[in-house]
Amino acid sequence: MTHSMTAAGLTDKQTKQMYMDLEIPDGKTQVMYVWIDGSGQNLRCKTRTMDFTPKAAEECPEWNFDGSSTGQAEGSNSDVFLKPVTLFRDPFRRGEHKLLLCETLKYNRKPTATNKRLTCQAVMQAAQSHHPWFGIEQEYTLQDRDYHPFGWPKGGYPKPQGPFYCGVGADKVFGRDVVEAHYRACLYAGVKICGTNAEVMPGQWEFQVGPCEGIDMGDHLWMARFILHRVAEDFGVIVTLDPKPMTGDWNGAGAHTNYSTEAMRAEGGIKAIQDAIEKMSKKHHEHIKEYDPNGGRDNERRLTGLHETSSINDFSSGVANRGSSIRIPRHVAAEGKGYLEDRRPSSNCDPYSVTERIVRTTVPESDI
């Protein structure tokens, strides 16, 4: 079936390649505009041709889309603006073609409800002298087209958790082709991806993005997510960022957020780390509200105190303790400087909201 549908909704990639190999007129560039929709979780995209090759997002024109079809506007006033913010290379079309991350603005130029980048950017600029660095560990689960975890027996379950974390072998890991393709595509695009590994639940994986300073954390993680969904699409596999895709004795999925300021990274920085943790302990519930797109309701299913999580109702911290809200890595405690790991953010969190909340809590108000 080389020229027909190979499965429901799947088309033959070799046939497509014949067209992708066609030459493009000189000076023409395809730029794919990417944005977060009204769910605060899903990404949308569309492409336009430009008569030049943009070198920065600022060179790209604003565009618009039908916000009534993305949960971002009424049908009677449906145009939503796309404001270019960050430009990446396109690993799918290659050449001079680009991926362009955009903010969404309403008809009156105010941010849409799910545009969390605008306020995050303002906070990061105000806190610039503290040089906030972030690294996020993005966990996700691969699913077959029936939404059953990829590689799991149909209508059944695999062996109990244990052999799958960082596993090797066809009986221990499922979907490595997607993972490897995503990793290489992110590197090509210019995303600051720094690693990947198989996770505790079979069919669950993680990639890490960072270190990123300020607003770059959100920009690069969102583009990494877009590339992941787009790569998985080519393989006919679904990616879910649901924080607890399978009930029962299975690990959930998080977006553990590593954070430091210049003071934390300096000699004796453990004091600044401890001070930040103390501040975070007093605003636990405010953080929980920002750590998933549904005000904490998604994380309720994950932060139970089991499966390497702390309880959503309690704040805790400790050295090398994966059952705490905030973990101080053992080497950080030993060296007396470094960073902290906030283990509370959900896998489907908005990194703009998470990083903004952390900076607001830990950086002096006079500096924001």
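Numbers here simply count residues along the sequence, with the first being 1.
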Check ion pair K154-D146 (N to O, under 4.0 angstrom): yes
List in chain and number order the residues that pass ring-ring contact (aromatic ring centres under 6.0 Å, His included) with Y339, two or more places apart in sequence or in another chain; answer none if no residue qualifies. H331
With a cutoff of under 4.5 Å between side-chain heavy atoms, which Ile, Leu, Val, Met, Phe, Trp and Tyr residues group with Y147? I238
Residues forming a side-chain contact (heavy atoms from CB on, under 4.5 Å) with L118, sequence neighbours excluded: E103, P111, N115
Residue pairs fulfilling ring pair (Phe, Tyr, Trp, His ring centres under 6.0 Å) with at least one residue in residues 34-83, sequence neighbours excluded: Y33-W63, W35-F65
With clusters built from Ile, Leu, Val, Met, Phe, Trp and Tyr whose side-chain heavy atoms come within less than 4.5 Å, directly or transitively, what are the remaining members of the cluster of I288, listed by chain and number? L303, I312
Looking only at side chains, do S39 and Q41 share a donor and an acceptor under 3.5 Å apart? no
Taking atom CG of L87 and atom CE of M223, what is their separation to the nearest 0.5 Å? 8.5 Å
What's in the same ILVMFWY side-chain cluster as W152, cut-off under 4.5 Å, chained through other members? Y157, M201, M246, W250
Which residues share a ring-ring contact (aromatic ring centres under 6.0 Å, His included) with H287, sequence neighbours left out: Y291
Note: with side-chain heavy atoms under 4.5 Å as the link, the other cluster members for L22 come out as M18, Y19
Kindly state each residue pair satisfying side chain to side chain donor-acceptor pair (under 3.5 Å) with at least one member in residues 316-325, sequence neighbours excluded. S310-S325
Suppose we screen for side-chain contact (heavy atoms from CB on, under 4.5 Å). Which residues come up paired with F92, at least two apart in sequence or across chains? D90, I227, R230, V231, D234
Would you mind writing out the side-chain donor-acceptor pairs for residues 159-176 within the sub-3.5 Å range, not counting sequence neighbours?
{"from": "Q161", "atom 1": "OE1", "to": "N251", "atom 2": "N", "distance (Å)": "2.6"}
{"from": "Q161", "atom 1": "NE2", "to": "N251", "atom 2": "OD1", "distance (Å)": "3.1"}
{"from": "R176", "atom 1": "NH2", "to": "G167", "atom 2": "O", "distance (Å)": "3.0"}

I'd like to check the side-chain contact (heavy atoms from CB on, under 4.5 Å) partners of E365; sequence neighbours left out, ordered by chain and number. none
